[in-house]
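This report concerns only the one structure given below.
The analysis underlying the following values was restricted to heavy atoms, covering all of them including side chains, and did not include hydrogens, waters or symmetry mates.
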Amino acid sequence: MTVYAGDPGVILVDHPLVQHKLTIMRKKETSTLGFRRLLGEIAMLLAYEVLRDVPTELVEIETPIKTCMMPQLAGKKLCLVSVLRAGDGLLSGMLDILPAARVGHVGLYRDPATLQAVEYFLKLPRDIDERMAIVLDPMLATGNSAVAAVNKVKQAGCSSIKFVSLLSAPEGIATLRKAHPDVTVYTAAVDECLNDHGYIVPGLGDAGDRLFGTK
Ligand SMILES: O=P(O)(O)OC[C@H]1O[C@H](OP(=O)(O)OP(=O)(O)O)[C@H](O)[C@@H]1O
Ligand SMILES: O=c1cc[nH]c(=O)[nH]1
Ligand SMILES: [Mg+2]
């Protein structure tokens, strides 16, 4: 885990296991099944890093041997927010290790001509203002979708937000950090740039289509 470009608000999860799995996901011959499975696996590894600084508190428990004080998670409860569609690939892996987390959905698609995010669905837990939100979208390209998703979570009253992506472009990181400097970004890789259609280069293609087999 390292800080990206000297910005402590951008955490690069550069663990070799994550990098290895991401390389397989990038390959154009990787199947829908493989892509989906790997995204779920990487999601668990990302969750491990995202939750590294959550507070714990000591509670009294009894083991079969003796009574003792041991740590458990404390503080704000979690809400995972999936940016549809591709965010659901990260969501399923995160729920494997955080099965009690609340879940919200923000439905967004990118207009291919303007690259602006268009909202088509929104459902967030009513008490999200009392929770820490972890917004999930594997691709951070122009950053327009990420900014729109975080806007919605903030409008719902949430003030503690992290953003998790699998793969980012430098442009997307800059846009999200400028719009929401209080939101820490976690990503497994930062690629070279965007192409003329707003796709990450070299990237992995369209994450939603690869995850659901829609192309
Ligand atoms: O940073 P941006 O330039 O906004 O691009 C990133 C967005 O593009 C993809 O969604 P897409 O619009 O393809 O929708 P989908 O997940 O339904 O395929 C991706 O999952 C992000 O939400
Ligand atoms: O490269 C990209 C950019 C946006 N959305 C994707 O799914 N892939
Ligand atoms: Mg897509």
Side-chain angles (χ1 to χ4, degrees), residues 4 10 12-14 18-47 80-95 103-123 134-153 163-177 179 183 185-215:
Y4 170 73
V10 183
L12 196 55
V13 182
D14 52 2
V18 173
Q19 298 306 311
H20 177 82
K21 290 175 187 294
L22 174 55
T23 295
I24 301 172
M25 291 183 74
R26 290 178 186 273
K27 292 181 184 176
K28 64 179 181 190
E29 66 269 23
T30 296
S31 66
T32 297
L33 169 66
F35 191 92
R36 187 178 292 157
R37 191 176 278 167
L38 287 160
L39 187 54
E41 290 172 4
I42 293 178
M44 285 191 251
L45 298 167
L46 291 174
L80 303 176
V81 179
S82 168
V83 180
L84 300 174
R85 292 173 300 161
D88 272 6
L90 286 174
L91 176 67
S92 66
M94 292 235 176
L95 283 176
V103 175
H105 290 91
V106 183
L108 297 173
Y109 72 86
R110 229 173 41 150
D111 183 306
T114 65
L115 300 184
Q116 294 305 306
V118 181
E119 184 186 323
Y120 59 87
F121 185 77
L122 180 68
K123 191 75 184 177
I134 303 178
V135 181
L136 308 171
D137 191 333
M139 307 306 277
L140 179 56
T142 65
N144 292 337
S145 303
V147 170
V150 172
N151 283 346
K152 288 292 161 186
V153 172
F163 187 89
V164 178
S165 89
L166 172 69
L167 192 49
S168 302
E171 295 91 329
I173 288 180
T175 298
L176 180 55
R177 292 290 294 150
V183 174
V185 178
Y186 294 78
T187 188
V190 183
D191 275 7
E192 290 163 22
C193 59
L194 298 175
N195 68 13
D196 292 344
H197 303 286
Y199 278 88
I200 298 174
V201 179
L204 52 71
D206 188 300
D209 284 340
R210 295 200 63 186
L211 182 66
F212 294 109
T214 41
K215 220 170 212 170

Can a cation-pi geometry be assigned to R110 and Y199, taking NZ or CZ under 6.0 Å from the six-membered ring centre and within 45° of the ring axis?
yes
Answer yes or no: is there a side-chain heavy-atom contact under 4.5 Å between F163 and Y186?
no
For T142, does its backbone N or O pair with a side-chain atom of T175 as donor and acceptor, under 3.5 Å?
yes
For V135 and V164, run side-chain contact (heavy atoms from CB on, under 4.5 Å): C-alpha distance rounded to whole Å, both residues' side-chain angles, the deciding distance at 0.1 Å, then the answer.
CA-CA 6 Å; V135 181; V164 178; over 6 Å; no
Classify the side-chain pair D209/T214 by whether it contains a donor and acceptor separated by less than 3.5 Å.
yes
Taking the basic N atoms (NZ, or NE/NH1/NH2) and the acidic carboxylate oxygens, is any pair closer than 4.0 Å for R26 and D191?
yes
For residues T30 and I24, report the shortest heavy-atom separation together with the two atoms involved.
OG1-O, 2.5 Å
Are F121 and V106 packed together at the side-chain level, in the sense that at least one heavy-atom pair is separated by less than 4.5 angstrom?
no
Distance (rounded to the nearest 0.5 Å) between M139 CE and S165 OG
8.5 Å
If you look at every heavy atom in A43 and G93, which pair is closest and at what distance?
CB-CA, 3.9 Å
May I have the step-by-step check of side-chain contact (heavy atoms from CB on, under 4.5 Å) for H197 and L115, ending in yes or no?
CA-CA 8 Å; H197 303 286; L115 300 184; over 6 Å; no
Quick one: does R177's side chain have a donor or acceptor within less than 3.5 Å of a partner on V183's backbone?
yes
Minimum heavy-atom distance I200-S168, with the two atoms named
CD1-C, 4.1 Å
Counting only heavy atoms not in R85 (residues, nucleotides, ligands), do more than 12 fall under 6.0 Å from its CZ?
yes
Within this structure, what is the CG-CG distance for the pair L45 and L22, rounded to the nearest 0.5 Å?
11.5 Å
Closest heavy-atom pair and its distance - Q19, A188:
NE2-O, 2.8 Å
From T187 OG1 over to L46 CG, what is the distance, rounded to the nearest 0.5 angstrom?
8.0 Å
Least distance between heavy atoms, L211 atom then A86 atom
CD2-O, 3.7 Å
Which heavy atom in S92 sits nearest to a heavy atom in G89, and how many Å separate them?
OG-O, 3.4 Å
L90 and L39, any side-chain heavy atoms less than 4.5 Å apart:
yes
Hey, does L204 have a side-chain heavy atom less than 4.5 Å from the side chain of L167?
yes
For the residue pair F212 and D88, establish whether any side-chain heavy-atom pair is separated by less than 4.5 Å.
yes
